[in-house]
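Encoded as C-alpha coordinates, the structure appears first; notes follow it.
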Amino acid sequence: KRRALIFRAQEILARDLPHITLFHPRSVLAYNKERFQGAVRSAAGGYFNIWNFLRATPVSGPSMLRIGWEGDIPTLNPVAPRYSVYYLQTVRLVYDTLARIGPGGKAVPWAAEKWTGVDTTTVDVKLRRGMTFHDGRPVTAKDVVFTYKFFMRWKPAYYAAALNPLESVTLRDDFTVRFKTKRPYAPLVMLTFNQIPLLPKHVWEGVMEREKIPSPDRWATPNMVGSGPYRFVDLKPAQQVRLTRYDKHFAPAKAKNWLFVLYSSQEAKFLGLLNKDIDFYDRGLTPVQVGEAKRVKFLDLQEVADIGVYWLQFNLRPKSPFHDYAFREAFAHLIDYKAIIDVVLRGLGEPGRGVIGPANKFWHNAAIPSQEVEGKPHYHQFNPQKARAVLKKAGYEWGDDGRLYFPANHKPQAYPRSTR
(Lines give C-alpha, C1' and ligand atoms only; values in the text may rest on other atoms or scores of the structure.)
Protein backbone atom coordinates (compact mmCIF):
# COMPACT_ATOMS: atom_id res chain seq x y z
CA LYS A 1 0.00 0.00 0.00
CA ARG A 2 2.85 2.40 0.79
CA ARG A 3 4.49 1.61 -2.53
CA ALA A 4 1.30 2.42 -4.44
CA LEU A 5 1.04 5.75 -2.63
CA ILE A 6 4.70 6.57 -3.35
CA PHE A 7 4.17 5.75 -7.03
CA ARG A 8 1.13 8.03 -7.09
CA ALA A 9 3.10 10.83 -5.40
CA GLN A 10 5.76 10.58 -8.10
CA GLU A 11 3.09 10.93 -10.77
CA ILE A 12 1.76 14.07 -9.08
CA LEU A 13 5.25 15.59 -8.85
CA ALA A 14 6.00 14.79 -12.49
CA ARG A 15 2.73 16.44 -13.50
CA ASP A 16 2.73 19.53 -11.24
CA LEU A 17 6.45 20.37 -11.63
CA PRO A 18 7.27 21.91 -8.23
CA HIS A 19 10.88 21.27 -9.24
CA ILE A 20 12.92 19.81 -12.11
CA THR A 21 14.97 16.69 -11.60
CA LEU A 22 18.23 17.34 -13.44
CA PHE A 23 20.13 14.06 -13.23
CA HIS A 24 20.95 10.92 -11.29
CA PRO A 25 24.71 10.42 -10.86
CA ARG A 26 26.71 7.29 -11.49
CA SER A 27 29.46 6.76 -8.93
CA VAL A 28 32.89 5.38 -9.65
CA LEU A 29 34.21 3.68 -6.53
CA ALA A 30 37.84 2.76 -6.04
CA TYR A 31 39.87 0.62 -3.67
CA ASN A 32 43.37 -0.81 -3.39
CA LYS A 33 43.06 -4.36 -4.76
CA GLU A 34 46.64 -5.14 -3.70
CA ARG A 35 45.57 -4.88 -0.06
CA PHE A 36 41.92 -6.00 -0.05
CA GLN A 37 39.51 -8.25 -1.89
CA GLY A 38 35.79 -8.95 -1.58
CA ALA A 39 34.75 -5.30 -1.28
CA VAL A 40 31.03 -4.79 -0.62
CA ARG A 41 29.24 -1.68 -1.84
CA SER A 42 25.84 -0.34 -0.82
CA ALA A 43 23.47 1.81 -2.83
CA ALA A 44 23.50 4.62 -0.28
CA GLY A 45 27.07 4.64 1.01
CA GLY A 46 29.32 3.23 -1.70
CA TYR A 47 32.19 1.54 0.13
CA PHE A 48 31.52 3.42 3.37
CA ASN A 49 29.20 0.85 4.91
CA ILE A 50 29.40 -1.69 7.71
CA TRP A 51 29.16 -4.68 5.33
CA ASN A 52 32.30 -3.60 3.53
CA PHE A 53 34.12 -2.99 6.80
CA LEU A 54 33.16 -6.48 7.98
CA ARG A 55 33.64 -8.50 4.79
CA ALA A 56 36.45 -6.79 2.88
CA THR A 57 39.27 -9.31 3.26
CA PRO A 58 42.95 -8.41 3.61
CA VAL A 59 45.07 -9.98 0.88
CA SER A 60 47.68 -10.91 3.49
CA GLY A 61 47.80 -10.79 7.27
CA PRO A 62 45.31 -9.22 9.72
CA SER A 63 45.90 -5.75 8.21
CA MET A 64 44.26 -2.39 8.89
CA LEU A 65 41.37 -1.15 6.78
CA ARG A 66 41.90 2.54 6.11
CA ILE A 67 39.30 4.92 4.75
CA GLY A 68 39.23 8.70 4.40
CA TRP A 69 36.86 11.62 4.69
CA GLU A 70 37.18 15.36 4.18
CA GLY A 71 36.15 17.09 7.40
CA ASP A 72 36.47 16.80 11.16
CA ILE A 73 34.97 14.66 13.92
CA PRO A 74 35.53 16.30 17.33
CA THR A 75 33.50 13.74 19.30
CA LEU A 76 31.87 10.34 18.86
CA ASN A 77 29.12 10.75 21.44
CA PRO A 78 26.43 8.27 20.23
CA VAL A 79 23.62 10.42 21.62
CA ALA A 80 24.69 13.57 19.78
CA PRO A 81 25.08 12.94 16.03
CA ARG A 82 25.58 16.39 14.58
CA TYR A 83 28.38 16.18 12.07
CA SER A 84 27.79 13.78 9.17
CA VAL A 85 26.74 10.36 7.98
CA TYR A 86 30.39 9.38 8.39
CA TYR A 87 30.18 10.19 12.07
CA LEU A 88 27.10 7.97 12.35
CA GLN A 89 28.62 5.05 10.48
CA THR A 90 31.67 5.20 12.73
CA VAL A 91 29.45 5.17 15.83
CA ARG A 92 27.56 2.16 14.41
CA LEU A 93 30.77 0.17 14.18
CA VAL A 94 31.18 0.57 17.93
CA TYR A 95 27.50 0.31 18.92
CA ASP A 96 25.10 -2.34 17.64
CA THR A 97 21.52 -1.60 16.62
CA LEU A 98 18.55 -3.97 16.59
CA ALA A 99 18.46 -3.98 12.77
CA ARG A 100 20.79 -3.03 9.93
CA ILE A 101 20.10 -1.92 6.38
CA GLY A 102 21.61 -4.61 4.17
CA PRO A 103 23.66 -3.89 1.03
CA GLY A 104 20.50 -4.26 -1.05
CA GLY A 105 18.64 -1.62 0.95
CA LYS A 106 16.37 -3.89 3.04
CA ALA A 107 16.38 -4.14 6.83
CA VAL A 108 17.84 -7.33 8.31
CA PRO A 109 18.02 -8.51 11.96
CA TRP A 110 21.22 -7.57 13.74
CA ALA A 111 21.30 -7.42 17.55
CA ALA A 112 17.71 -8.60 17.29
CA GLU A 113 17.31 -12.27 16.44
CA LYS A 114 13.80 -11.58 15.16
CA TRP A 115 10.76 -9.35 15.62
CA THR A 116 7.13 -10.42 15.74
CA GLY A 117 4.03 -8.30 15.24
CA VAL A 118 1.53 -8.76 18.08
CA ASP A 119 -1.02 -6.34 16.64
CA THR A 120 -0.94 -3.23 14.45
CA THR A 121 0.78 -1.15 17.14
CA THR A 122 2.73 -3.77 19.10
CA VAL A 123 5.96 -5.56 18.16
CA ASP A 124 7.98 -8.01 20.27
CA VAL A 125 11.74 -8.10 19.67
CA LYS A 126 13.76 -11.18 20.61
CA LEU A 127 17.36 -10.23 21.36
CA ARG A 128 20.27 -12.28 20.05
CA ARG A 129 21.76 -14.39 22.89
CA GLY A 130 25.43 -14.49 23.83
CA MET A 131 26.22 -10.84 23.01
CA THR A 132 28.59 -8.92 25.27
CA PHE A 133 29.72 -5.35 25.59
CA HIS A 134 33.37 -4.53 25.01
CA ASP A 135 33.99 -4.58 28.78
CA GLY A 136 32.73 -8.17 28.96
CA ARG A 137 29.30 -7.46 30.50
CA PRO A 138 26.36 -9.30 28.83
CA VAL A 139 23.91 -7.48 26.58
CA THR A 140 20.35 -8.10 27.80
CA ALA A 141 16.87 -6.79 27.16
CA LYS A 142 17.34 -4.44 30.13
CA ASP A 143 19.99 -2.58 28.13
CA VAL A 144 17.61 -2.29 25.17
CA VAL A 145 14.77 -0.95 27.34
CA PHE A 146 17.14 1.47 29.07
CA THR A 147 18.51 2.69 25.73
CA TYR A 148 15.15 3.49 24.19
CA LYS A 149 13.77 5.09 27.34
CA PHE A 150 16.96 7.13 27.63
CA PHE A 151 16.61 8.41 24.07
CA MET A 152 12.87 9.03 24.52
CA ARG A 153 13.60 11.08 27.63
CA TRP A 154 16.35 13.26 26.17
CA LYS A 155 14.97 13.50 22.62
CA PRO A 156 18.15 14.04 20.56
CA ALA A 157 17.09 16.02 17.50
CA TYR A 158 18.62 13.69 14.93
CA TYR A 159 16.65 10.69 16.24
CA ALA A 160 13.30 12.50 16.57
CA ALA A 161 11.65 10.81 13.59
CA ALA A 162 12.67 7.38 14.90
CA LEU A 163 11.47 8.07 18.44
CA ASN A 164 8.28 10.13 18.02
CA PRO A 165 6.03 7.16 17.09
CA LEU A 166 6.96 5.23 20.25
CA GLU A 167 4.46 5.10 23.09
CA SER A 168 6.29 2.65 25.35
CA VAL A 169 9.16 0.17 25.49
CA THR A 170 8.80 -2.55 28.13
CA LEU A 171 10.65 -5.62 29.35
CA ARG A 172 9.07 -9.02 28.68
CA ASP A 173 11.94 -11.22 29.82
CA ASP A 174 15.76 -11.18 29.79
CA PHE A 175 15.86 -11.34 26.00
CA THR A 176 12.48 -9.95 24.87
CA VAL A 177 11.39 -6.31 24.54
CA ARG A 178 7.92 -5.08 23.62
CA PHE A 179 7.59 -1.92 21.52
CA LYS A 180 4.25 -0.11 21.53
CA THR A 181 3.64 2.64 18.96
CA LYS A 182 1.07 5.44 19.09
CA ARG A 183 -0.29 4.37 15.71
CA PRO A 184 0.55 1.79 13.04
CA TYR A 185 4.04 2.77 11.93
CA ALA A 186 5.50 1.06 8.88
CA PRO A 187 9.14 2.33 9.17
CA LEU A 188 9.57 0.93 12.72
CA VAL A 189 12.16 -1.65 11.63
CA MET A 190 13.79 0.38 8.85
CA LEU A 191 14.12 3.55 10.93
CA THR A 192 13.62 3.03 14.67
CA PHE A 193 15.32 -0.36 15.02
CA ASN A 194 18.09 0.59 12.59
CA GLN A 195 19.08 3.98 13.98
CA ILE A 196 19.17 3.82 17.76
CA PRO A 197 22.59 2.67 19.11
CA LEU A 198 22.32 0.22 22.01
CA LEU A 199 23.88 1.72 25.14
CA PRO A 200 25.19 -0.29 28.11
CA LYS A 201 22.96 0.59 31.06
CA HIS A 202 25.83 0.22 33.51
CA VAL A 203 27.77 2.97 31.69
CA TRP A 204 25.05 5.50 30.82
CA GLU A 205 22.70 5.28 33.80
CA GLY A 206 23.21 8.38 35.96
CA VAL A 207 25.79 9.86 33.58
CA MET A 208 24.52 13.44 34.03
CA GLU A 209 25.10 13.29 37.78
CA ARG A 210 28.51 11.65 37.46
CA GLU A 211 29.75 13.97 34.73
CA LYS A 212 27.91 17.03 36.05
CA ILE A 213 26.42 17.87 32.66
CA PRO A 214 22.89 19.16 31.84
CA SER A 215 22.23 16.58 29.10
CA PRO A 216 23.96 13.48 27.70
CA ASP A 217 24.82 15.14 24.38
CA ARG A 218 27.14 17.46 26.35
CA TRP A 219 29.33 14.52 27.41
CA ALA A 220 32.38 15.57 25.40
CA THR A 221 34.46 12.45 26.07
CA PRO A 222 31.96 9.61 26.53
CA ASN A 223 32.98 6.15 27.68
CA MET A 224 32.89 4.45 24.26
CA VAL A 225 31.83 0.99 25.44
CA GLY A 226 29.50 -0.63 22.93
CA SER A 227 28.82 -4.14 21.70
CA GLY A 228 29.61 -3.57 18.01
CA PRO A 229 32.09 -5.37 15.74
CA TYR A 230 34.83 -2.83 16.50
CA ARG A 231 36.10 -1.40 19.79
CA PHE A 232 37.05 2.25 20.15
CA VAL A 233 40.80 2.94 20.48
CA ASP A 234 41.26 6.67 20.06
CA LEU A 235 40.06 9.86 18.39
CA LYS A 236 42.38 12.64 17.30
CA PRO A 237 40.24 15.54 16.06
CA ALA A 238 41.10 16.69 12.52
CA GLN A 239 43.41 13.68 12.17
CA GLN A 240 41.95 10.21 12.65
CA VAL A 241 39.65 7.73 14.41
CA ARG A 242 41.09 4.33 15.27
CA LEU A 243 39.14 1.17 16.08
CA THR A 244 40.15 -2.44 16.62
CA ARG A 245 38.18 -5.63 16.00
CA TYR A 246 36.02 -7.05 18.79
CA ASP A 247 36.74 -10.74 18.34
CA LYS A 248 33.75 -11.88 20.46
CA HIS A 249 31.23 -10.20 18.16
CA PHE A 250 28.73 -12.46 16.39
CA ALA A 251 29.87 -11.01 13.02
CA PRO A 252 33.62 -10.39 13.46
CA ALA A 253 35.38 -8.28 10.84
CA LYS A 254 38.00 -9.67 8.47
CA ALA A 255 40.39 -6.77 9.09
CA LYS A 256 41.99 -6.57 12.53
CA ASN A 257 42.00 -2.76 12.72
CA TRP A 258 40.04 0.14 11.23
CA LEU A 259 41.42 3.63 10.61
CA PHE A 260 39.39 6.66 9.61
CA VAL A 261 41.73 9.30 8.17
CA LEU A 262 40.41 12.88 8.16
CA TYR A 263 41.42 15.13 5.24
CA SER A 264 41.02 18.83 4.59
CA SER A 265 39.60 18.40 1.07
CA GLN A 266 38.41 15.87 -1.50
CA GLU A 267 41.59 16.41 -3.52
CA ALA A 268 43.75 15.62 -0.48
CA LYS A 269 41.75 12.44 0.11
CA PHE A 270 42.20 11.35 -3.51
CA LEU A 271 45.93 11.97 -3.21
CA GLY A 272 45.88 9.77 -0.10
CA LEU A 273 44.39 6.97 -2.20
CA LEU A 274 47.05 7.36 -4.91
CA ASN A 275 49.80 7.39 -2.25
CA LYS A 276 48.36 4.22 -0.62
CA ASP A 277 47.61 6.06 2.62
CA ILE A 278 43.98 4.87 2.45
CA ASP A 279 42.48 1.73 0.90
CA PHE A 280 38.95 2.78 -0.06
CA TYR A 281 37.60 5.85 -1.80
CA ASP A 282 34.12 5.62 -0.43
CA ARG A 283 31.49 7.64 -2.28
CA GLY A 284 32.64 8.28 -5.84
CA LEU A 285 35.42 9.91 -7.81
CA THR A 286 34.90 13.15 -9.71
CA PRO A 287 34.94 12.85 -13.53
CA VAL A 288 38.47 14.31 -13.59
CA GLN A 289 39.68 11.88 -10.93
CA VAL A 290 38.24 8.91 -12.84
CA GLY A 291 40.58 9.51 -15.77
CA GLU A 292 43.59 9.63 -13.47
CA ALA A 293 42.51 6.61 -11.40
CA LYS A 294 42.12 4.44 -14.52
CA ARG A 295 45.87 4.73 -15.07
CA VAL A 296 46.70 3.39 -11.57
CA LYS A 297 47.28 -0.36 -11.73
CA PHE A 298 46.70 -1.18 -8.06
CA LEU A 299 43.19 0.35 -8.04
CA ASP A 300 39.99 -1.55 -8.74
CA LEU A 301 37.29 0.76 -10.13
CA GLN A 302 33.56 0.02 -10.16
CA GLU A 303 30.94 2.19 -11.81
CA VAL A 304 27.55 1.91 -10.10
CA ALA A 305 24.20 3.66 -10.32
CA ASP A 306 23.70 6.05 -7.41
CA ILE A 307 20.39 6.56 -5.60
CA GLY A 308 21.19 10.27 -5.40
CA VAL A 309 19.04 12.92 -7.09
CA TYR A 310 20.05 16.43 -8.18
CA TRP A 311 17.23 18.83 -8.84
CA LEU A 312 16.34 22.48 -9.46
CA GLN A 313 13.89 23.75 -6.85
CA PHE A 314 11.43 26.51 -7.77
CA ASN A 315 10.28 29.41 -5.63
CA LEU A 316 6.52 28.67 -5.65
CA ARG A 317 5.33 31.66 -3.63
CA PRO A 318 2.36 33.52 -5.20
CA LYS A 319 4.46 36.52 -6.35
CA SER A 320 7.08 34.33 -8.02
CA PRO A 321 6.79 33.72 -11.80
CA PHE A 322 7.23 30.01 -11.02
CA HIS A 323 3.88 30.03 -9.24
CA ASP A 324 2.41 29.83 -12.75
CA TYR A 325 2.41 26.27 -14.07
CA ALA A 326 2.87 27.39 -17.69
CA PHE A 327 6.08 29.18 -16.74
CA ARG A 328 7.39 26.07 -14.97
CA GLU A 329 6.43 23.86 -17.90
CA ALA A 330 8.27 26.12 -20.32
CA PHE A 331 11.31 26.23 -18.06
CA ALA A 332 11.41 22.42 -17.95
CA HIS A 333 11.99 22.46 -21.73
CA LEU A 334 14.96 24.83 -21.42
CA ILE A 335 17.29 22.50 -19.51
CA ASP A 336 19.77 20.71 -21.76
CA TYR A 337 19.80 17.50 -19.75
CA LYS A 338 22.03 15.65 -22.19
CA ALA A 339 24.66 18.40 -22.08
CA ILE A 340 24.80 18.12 -18.29
CA ILE A 341 25.46 14.38 -18.58
CA ASP A 342 27.91 14.56 -21.48
CA VAL A 343 29.87 17.71 -20.61
CA VAL A 344 29.63 18.32 -16.87
CA LEU A 345 29.47 14.71 -15.68
CA ARG A 346 31.44 13.23 -18.59
CA GLY A 347 28.89 10.46 -18.97
CA LEU A 348 28.67 9.59 -15.27
CA GLY A 349 24.93 10.01 -14.89
CA GLU A 350 21.54 9.83 -16.53
CA PRO A 351 18.83 12.44 -17.10
CA GLY A 352 16.45 13.09 -14.23
CA ARG A 353 13.53 10.75 -13.73
CA GLY A 354 11.92 12.02 -10.56
CA VAL A 355 12.80 12.47 -6.91
CA ILE A 356 13.34 8.74 -6.42
CA GLY A 357 16.08 7.61 -8.79
CA PRO A 358 15.95 4.47 -10.98
CA ALA A 359 18.67 2.87 -8.83
CA ASN A 360 16.16 2.75 -5.97
CA LYS A 361 14.29 0.09 -7.91
CA PHE A 362 11.58 -0.87 -5.43
CA TRP A 363 10.35 2.69 -4.85
CA HIS A 364 11.05 4.25 -8.27
CA ASN A 365 7.99 4.53 -10.52
CA ALA A 366 9.43 3.28 -13.81
CA ALA A 367 6.04 3.56 -15.54
CA ILE A 368 6.33 7.35 -15.89
CA PRO A 369 7.70 7.88 -19.44
CA SER A 370 10.72 10.00 -20.29
CA GLN A 371 9.16 11.05 -23.59
CA GLU A 372 6.25 13.46 -23.47
CA VAL A 373 2.78 11.90 -23.49
CA GLU A 374 -0.07 14.34 -23.86
CA GLY A 375 -2.50 14.23 -20.95
CA LYS A 376 -0.36 11.93 -18.79
CA PRO A 377 2.41 12.50 -16.24
CA HIS A 378 5.82 12.44 -17.93
CA TYR A 379 9.33 13.86 -17.73
CA HIS A 380 10.26 16.73 -20.02
CA GLN A 381 12.85 16.99 -22.77
CA PHE A 382 15.10 19.85 -23.89
CA ASN A 383 13.01 21.65 -26.51
CA PRO A 384 13.25 25.49 -26.65
CA GLN A 385 10.64 25.65 -29.43
CA LYS A 386 8.15 23.82 -27.19
CA ALA A 387 8.96 26.19 -24.32
CA ARG A 388 8.16 29.19 -26.52
CA ALA A 389 4.92 27.59 -27.70
CA VAL A 390 3.81 26.87 -24.10
CA LEU A 391 4.39 30.49 -23.07
CA LYS A 392 2.66 31.87 -26.15
CA LYS A 393 -0.39 29.68 -25.54
CA ALA A 394 -0.54 30.94 -21.94
CA GLY A 395 -0.61 34.57 -23.18
CA TYR A 396 2.98 35.60 -22.53
CA GLU A 397 4.48 38.04 -25.03
CA TRP A 398 7.95 39.18 -26.09
CA GLY A 399 8.79 42.84 -26.39
CA ASP A 400 10.98 44.39 -29.06
CA ASP A 401 13.82 44.36 -26.53
CA GLY A 402 13.55 40.54 -26.21
CA ARG A 403 12.11 40.62 -22.72
CA LEU A 404 9.30 38.27 -21.74
CA TYR A 405 6.12 39.92 -20.44
CA PHE A 406 3.27 38.51 -18.38
CA PRO A 407 -0.14 38.34 -20.07
CA ALA A 408 -2.50 41.24 -19.52
CA ASN A 409 -4.65 40.73 -16.40
CA HIS A 410 -2.38 37.81 -15.52
CA LYS A 411 -3.95 35.21 -13.24
CA PRO A 412 -1.33 32.52 -12.60
CA GLN A 413 -2.50 28.91 -12.51
CA ALA A 414 -0.51 26.99 -9.89
CA TYR A 415 -1.44 23.57 -11.33
CA PRO A 416 -2.15 22.12 -14.78
CA ARG A 417 -5.68 22.99 -15.84
CA SER A 418 -6.56 19.30 -16.13
CA THR A 419 -6.14 18.86 -12.35
CA ARG A 420 -8.15 21.87 -11.12
Distance (rounded to the nearest 0.5 Å) between [X] [atom1] and [Y] [atom2]:
X: L93; Y: L88; atom1: CG; atom2: CG; result: 11.0 Å
X: K155; Y: S215; atom1: NZ; atom2: OG; result: 13.0 Å
X: R245; Y: L65; atom1: CZ; atom2: CG; result: 11.5 Å
X: L198; Y: F151; atom1: CG; atom2: CZ; result: 9.0 Å
X: T176; Y: E113; atom1: OG1; atom2: CD; result: 9.5 Å
X: L259; Y: D277; atom1: CG; atom2: CG; result: 10.0 Å

Assess the pair [X] and [Y]: is the distance between their ring centroids shorter than 6.0 Å?
X: Y337; Y: F382; value: no
X: F314; Y: H19; value: no
X: W258; Y: F53; value: yes
X: W204; Y: W154; value: no
X: Y95; Y: Y230; value: no

Do [X] and [Y] make a side-chain contact, defined as non-hydrogen atoms from C-beta onward lying under 4.5 Å apart?
X: F179; Y: T122; result: no
X: Y281; Y: I67; result: no
X: R92; Y: R100; result: yes
X: L13; Y: P18; result: yes
X: F193; Y: P109; result: no
X: T116; Y: V123; result: no
X: F133; Y: H202; result: yes
X: L273; Y: L299; result: yes

Residue from N223, L76, T90 passing side chain to side chain contact (heavy atoms under 4.5 Å, CB included) with F232: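 Between F232 and the candidates, side chain to side chain contact (heavy atoms under 4.5 Å, CB included) is satisfied uniquely by L76.
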
Side chain to side chain contact (heavy atoms under 4.5 Å, CB included) between L22 and I335, worked out: CA-CA 8 Å; L22 299 174; I335 304 294; 3.8 Å; yes

Without swapping roles, check the side chain of [X] against the backbone of [Y] for a donor-acceptor pair under 3.5 Å.
X: K386; Y: N383; result: no
X: H323; Y: P321; result: no
X: E292; Y: V288; result: no
X: E372; Y: H380; result: no
X: R172; Y: K126; result: no
X: K182; Y: S168; result: no
X: R15; Y: P377; result: no
X: D143; Y: K201; result: yes
X: N365; Y: F7; result: yes
X: Y379; Y: R353; result: yes

Shortest non-hydrogen separation from [X] to [Y] and the atoms involved:
X: L285; Y: V290; value: CB-CG2, 3.8 Å
X: Y47; Y: N52; value: O-ND2, 2.9 Å
X: H378; Y: I368; value: CA-CG2, 3.8 Å
X: S227; Y: V139; value: CB-CG2, 3.8 Å
X: A107; Y: M190; value: N-CE, 4.2 Å
X: M152; Y: V169; value: SD-CG2, 4.0 Å

Does [X], at its [atom1] atom, have more than 12 non-hydrogen atoms belonging to other residues, nucleotides or ligands within less than 6.0 Å?
X: R26; atom1: CZ; answer: yes
X: K106; atom1: NZ; answer: no
X: K254; atom1: NZ; answer: no
X: K180; atom1: NZ; answer: yes

For [Y], does the six-membered ring have the charged nitrogen or CZ of [X] within the cation-pi criterion, i.e. under 6.0 angstrom from the centroid and within 45° of the normal?
X: R3; Y: F362; value: yes
X: K276; Y: F298; value: yes
X: R129; Y: F175; value: yes

Trace of the side-chain hydrogen bond (donor to acceptor under 3.5 Å, both in side chains) decision for S27 with D306: CA-CA 6 Å; S27 293; D306 196 301; 2.8 Å; yes

Residues F36, F280; criterion ring pair (Phe, Tyr, Trp, His ring centres under 6.0 Å); working and verdict: CA-CA 9 Å; F36 282 90; F280 288 87; 5.6 Å; yes

Worked verdict on F322 versus F331 for ring pair (Phe, Tyr, Trp, His ring centres under 6.0 Å): CA-CA 9 Å; F322 294 106; F331 203 94; 5.4 Å; yes

Working for ring pair (Phe, Tyr, Trp, His ring centres under 6.0 Å), residues W51 and W110: CA-CA 12 Å; W51 309 101; W110 189 250; 5.5 Å; yes

T244 side chain to N257 side chain, donor-acceptor N/O pair below 3.5 angstrom: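 The answer is yes; a qualifying pair exists.
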
Side-chain donor-acceptor pair present, T192, Y148, cut-off under 3.5 Å: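 There is no such pair (donor and acceptor under 3.5 Å, judged by atom type) between the side chains of T192 and Y148.
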
Step-by-step salt bridge (Lys or Arg N to Asp or Glu O under 4.0 Å) determination, K269 to E70: CA-CA 7 Å; K269 185 176 73 170; E70 57 277 11; 3.2 Å; yes

Check against ring pair (Phe, Tyr, Trp, His ring centres under 6.0 Å), F23 and Y310: CA-CA 6 Å; F23 64 90; Y310 288 76; 4.7 Å; yes

Aromatic plane relationship, F146 with F150 - under 30° parallel, 30 to 60° tilted, over 60° perpendicular: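 F150 and F146: tilted rings.
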
Full working for side-chain hydrogen bond (donor to acceptor under 3.5 Å, both in side chains) between S63 and R35: CA-CA 8 Å; S63 191; R35 284 179 44 81; 3.3 Å; yes

Verdict with supporting geometry, D247 and K256, salt bridge (Lys or Arg N to Asp or Glu O under 4.0 Å): CA-CA 9 Å; D247 292 329; K256 176 67 176 176; 3.5 Å; yes

